Amino acid sequence: GVALASSVVVFWLLLQFSRALRVMRLASRAPVGHVPSAVMLHTRLSAGMRLMDVVTLTHSLGRKVCDEPETFAWCDESGAEVEVEFAHGQCRAWRLTRAE
């Protein structure tokens, strides 16, 4: 029983590590803080999403805007920008600003 439980825990940890590496590998290929469409990103965000989920959506690491609260930003070619606030590793609020 103990061996089965420990092997399940180790397998779960390996799956999480593998997922994190895959997301970071995808994000490393894109410019920091850039997305194809900030408006589409804004519509796909929801409260409670983890930073890893947002990076999966954007395929890019966010540009850090502020430390407290932890805020990251992504912009597109038109100048629209989405700022996402994280509290305890989860998305708390986000806002879209469009270029004039």
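The structure displayed is predicted, hence computed values, not measured ones.
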With rounding to the nearest 0.5 angstrom, report the [atom1] to [atom2] distance, [X] to [Y].
X     : Y     : atom1 : atom2 : value
Leu13 : Gln16 : CG    : CD    : 7.5 Å
Leu51 : Cys91 : CG    : SG    : 9.5 Å
Phe17 : Arg22 : CZ    : CZ    : 12.0 Å

_To check you understand the geometry: which heavy-atom pair defines the closest contact between Asp76 and Ser78, and what is its length?_
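Smallest interatomic distance, heavy atoms only, reads OD1-OG, 2.9 Å.
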*Residue pair Lys64 / Asp67: nearest heavy atoms and the distance that separates them*: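 Distance-wise, the nearest heavy atoms are CE-OD1, 2.9 Å.
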*Does the Ser18 side chain pair with the main chain of Leu14, one donor and one acceptor, at a distance under 3.5 Å?*
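The answer is no, because no donor-acceptor pair under 3.5 Å joins these two groups.
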*Does any N or O in the side chain of Trp74 come within less than 3.5 Å of the main-chain N or O of Ser60, such that one atom is a donor and the other an acceptor?*
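Yes, because the side chain of Trp74 sits within donor-acceptor range (under 3.5 Å) of the backbone of Ser60.
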*asked:* If the condition is salt bridge (charged side-chain N to carboxylate O under 4.0 Å, His left out), which residues does Arg19 pass it with, not counting sequence neighbours?
replied: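 Asp53.
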When hydrophobic residues are tied together by side-chain contacts of less than 4.5 Å, even through go-betweens, does [X] share a cluster with [Y]?
X     : Y     : value
Val8  : Phe11 : no
Leu96 : Val65 : no
Leu61 : Leu26 : no

*Any pair with a residue in residues 86-99 that passes side chain to side chain donor-acceptor pair (under 3.5 Å), sequence neighbours left out, goes on the list, sorted by first then second residue, please.*
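For residues 86-99, and leaving out neighbouring residues, the side chain to side chain donor-acceptor pair (under 3.5 Å) pairs sorted by first residue read Glu83-Arg95, Glu85-Arg92, Glu85-Arg95.
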Show me, pair by pair, the donor-acceptor contacts under 3.5 angstrom made by side chains of residues 30-50, not counting sequence neighbours?
unit_1, atom_1, unit_2, atom_2, d
Ser37, OG, Met40, N, 3.3
Thr43, OG1, Met40, O, 2.8

*Could you go step by step and tell me if Phe72 and Val54 meet the side chain to side chain contact (heavy atoms under 4.5 Å, CB included) rule?*
CA-CA 10 Å; Phe72 294 92; Val54 176; over 6 Å; no
